[in-house]
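Below is one structure, written out as structure tokens; the observations come after it.
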Amino acid sequence: MNILVTGAAGFVGRNLIENLKNIRDGKNKTRPKISIKNIYEYDINNSIDDLDKFCRDCDFVFNLAGVNRPKDVSEFKKGNLRFASVLLDTLKKNKNKCPVMLSSSIQASLAGRFGESEYGKSKLAGEELFFTYSHETGAHVYVYRFPNLAGKWIRPNYNSAVGTFCYAIANDLPYNVTDRNTIIELLFIDDLIEEMYDAIEGHPHKCDYPKKMTVDNKTDLKLDGTTPLPMDNGRYCYVPITHKESLGNIIDYLESFKNLNNTYLIPEIPVGSFVYKLYSMYLSYLPASKMSYSLKMNIDERGIFTEMLKTRNNGQFSINITRPGYTRGQHWHNTKWEIFIVVSGHGLIQQRKIGINPETGKEYDIHEFEVRGEVMKAVIMLPGYAHNIVNLEKDKDLVTVMWANESFDPKHPDTFGEEV
């Protein structure tokens, strides 16, 4: 399959092309039905001859080209409608009836409902151009009306408020929020890309934008005309995963991300959640000066203990370095438990249940675990067990990665000295 992407240098184009390359090169194996030979990238610097060649050879077209924020409607018609006409005419000339995807926007829905926005009316005209082309040629046309887009590489101070906020907060720049209560619907680029894969495979999510619909043949349900209503035979296509959030909450999340370098505290980021996607977007705007940060190292003659990362509900990660011949630990916990993984060196981990065994009248047996970085294994430090770690090396540090089920609280440390 040969794929043509117009508007290749734009936000969606760049993300789409790099991900199509992953499929083409066998790096992404999640879509085995898609086999890509060539990816044709078309943008403002390409010639009409390039377009003619691409339209002759392509098996699928993503038309992402366009002016996103025109100064007036004439600029939009020149940048969008005129190119769309040239694209479709070139496909016709080459008798190429391959599927064509069009990137439109929710502005077209608003224009269709209210008829007030000239920009929206022009978007609507662009959609109709593609529908007419489909009717004339029989080619499949997939028209998407995207809400506000978000994700890595989106241009700040242009057409994305969230991109602007991410950039400003990551770079310690001033920003202004007019109304924190404003609700914004966001479509993240990775969700958009997955839908584009669906389109290539021939099963895009179809919908329509009705202003009302009849329920049970008698009740008219009023709709806003801007929200996609899923239907198998819908005229339009849509991305099923979007997120609605207030600008105030978005700002609060971003400010909390900014404090990570000071607190080492990772926010709650469930996979697939809005915060998960927003945090990834925020990180993409970090300047080089913030790509690394110093950690507090607690140093004494035994070695170095460093808290690495903390989470709100899933404990913390630390690095422990034990000097040759030294023993660290020698304590126990009530409810805290830990996992030790030696990644370098040769050591011994010991554990003993606290107290006296009533069956023997003696201390409980000591359990010993010899550990080496060459053959890594995890050892669980049990609650109620005194434990330690001994460096058996004569001239080499013992390096241990540690995870505890709770972040250390100096006011309630739950740590009590006890030799194993």
Side-chain angles (χ1 to χ4, degrees), residues 256 259-270 292-373 375-394 396-420:
S256 71
N259 293 327
L260 170 63
N261 292 11
N262 299 320
T263 64
Y264 316 143
L265 180 64
I266 296 289
E268 286 295 305
I269 45 175
S292 67
Y293 53 93
S294 299
L295 299 173
K296 181 183 177 182
M297 302 170 65
N298 301 288
I299 305 173
D300 60 26
E301 71 279 358
R302 299 171 301 164
I304 304 171
F305 178 79
T306 304
E307 294 178 316
M308 187 170 60
L309 290 175
K310 298 180 179 180
T311 67
R312 293 190 183 279
N313 297 314
N314 296 292
Q316 74 174 48
F317 294 88
S318 306
I319 298 291
N320 184 61
I321 298 176
T322 306
R323 301 301 186 200
Y326 279 94
T327 298
R328 303 203 67 167
Q330 304 288 49
H331 58 239
W332 65 280
H333 314 291
N334 279 306
T335 56
K336 182 187 295 184
W337 57 282
E338 301 163 299
I339 296 176
F340 290 3
I341 303 174
V342 168
V343 297
S344 179
H346 177 204
L348 179 69
I349 294 174
Q350 298 176 307
Q351 295 192 67
R352 174 181 57 82
K353 190 174 182 179
I354 291 297
I356 301 298
N357 187 337
E359 295 181 0
T360 65
K362 299 178 181 180
E363 289 186 339
Y364 287 93
D365 292 339
I366 296 175
H367 303 287
E368 296 187 334
F369 306 88
E370 192 170 353
V371 287
R372 295 177 181 271
V375 185
M376 285 185 280
K377 62 181 177 182
V379 183
I380 304 172
M381 306 299 113
L382 306 184
Y385 278 69
H387 54 268
N388 64 27
I389 184 165
V390 183
N391 187 352
L392 300 179
E393 299 276 6
K394 293 182 179 180
K396 182 180 179 181
D397 288 342
L398 181 72
V399 182
T400 309
V401 175
M402 299 177 169
W403 174 83
N405 68 316
E406 61 182 51
S407 295
F408 180 72
D409 181 357
K411 295 181 179 179
H412 301 90
D414 188 17
T415 301
F416 311 98
E418 176 86 10
E419 290 191 10
V420 177

Between R372 and H346, which heavy-atom pair has the shortest distance, and what is it? NH2-CE1, 3.2 Å

E393 to P324 - nearest heavy-atom pair and separation: O-CB, 3.4 Å

Between the main-chain N or O of N334 and the side-chain N or O of D414, is there a donor-acceptor pair closer than 3.5 Å? yes

Check whether the ring centres of W332 and Y385 lie less than 6.0 Å apart, and answer yes or no. no

Decide side-chain contact (heavy atoms from CB on, under 4.5 Å) for N391 and R323; before the verdict, give the C-alpha distance in whole Å, the side-chain angles of both, and the deciding distance to 0.1 Å. CA-CA 7 Å; N391 187 352; R323 301 301 186 200; 5.5 Å; no

Distance, nearest 0.5 Å, that separates CG of N405 from OG1 of T335: 6.5 Å

Contact summary for Q351 and I380, nearest pair of heavy atoms: NE2-O, 2.7 Å

A quick test of your reading: do over 12 heavy atoms of other residues, nucleotides or ligands sit less than 6.0 Å from CE of M308? yes

Report yes if the side chains of V342 and I389 come closer than 4.5 Å at any heavy-atom pair, otherwise no. yes

Please work out whether the ring planes of H387 and H331 are parallel, tilted or perpendicular, with thresholds of 30° and 60°. perpendicular

Here the pair of heavy atoms bringing I349 nearest to M381 is CG2-CE, 3.5 Å

List the atom pairs, with distances to 0.1 Å, where a side-chain N or O of residues 356-369 and a protein N or O form a donor-acceptor pair under 3.5 Å, not counting sequence neighbours.
{"unit_1": "N357", "atom_1": "OD1", "unit_2": "E359", "atom_2": "N", "d": "2.9"}
{"unit_1": "T360", "atom_1": "OG1", "unit_2": "K362", "atom_2": "N", "d": "3.2"}
{"unit_1": "E368", "atom_1": "OE2", "unit_2": "Q350", "atom_2": "NE2", "d": "2.7"}

Using a 6.0 Å cut-off, check whether atom CD of Q330 has over 12 heavy atoms from anything other than its own residue. yes

Here the pair of heavy atoms bringing T306 nearest to K296 is CG2-O, 3.4 Å

Do V401 and I319 have side chains that get closer than 4.5 Å, going by heavy atoms? yes

Using the six-membered ring wherever Trp is involved, compare the ring planes of W337 and W403 and label them parallel, tilted or perpendicular (cut-offs 30° and 60°). perpendicular

Kindly indicate whether the side chain of F416, heavy atoms from C-beta on, has any atom under 4.5 Å from the side chain of E418. no

State, without any angle test, whether S318 and N320 hold a side-chain donor-acceptor pair at a distance under 3.5 Å. no

Sub-4.5 Å side-chain heavy-atom contact between T415 and H333: yes

Using only atom types and a distance under 3.5 Å, with no angle test, would you say the side chain of D397 pairs donor to acceptor with the backbone of I321? no

Nearest 0.5 angstrom please: E406 CD to N313 CG, how far? 11.5 Å

Report the distance from atom CZ of R312 to atom CG of N314, rounding to the nearest 0.5 Å. 12.0 Å

Would you give the length of the straight line joining atom CG of L382 to atom NZ of K336, rounded to the nearest 0.5 angstrom? 15.0 Å

Distance in Å, L392 CG paired with E370 CD, rounded so as to fall on 0.5 Å steps: 6.5 Å

Hey, mind stepping through R302 and T322 against side-chain contact (heavy atoms from CB on, under 4.5 Å) and telling me if it holds? CA-CA 6 Å; R302 299 171 301 164; T322 306; 5.7 Å; no

Q316 (side chain) donor-acceptor with F408 (main chain) under 3.5 angstrom: yes

Quick check for you: to the nearest 0.5 Å, what is the distance between I304 atom CD1 and R328 atom CZ? 8.5 Å

What is the minimum heavy-atom distance between T311 and S407, and which atoms define it? O-OG, 3.3 Å

Any donor and acceptor pair, going by atom type alone, linking the side chain of R352 with main-chain N or O of E419 inside 3.5 Å? yes

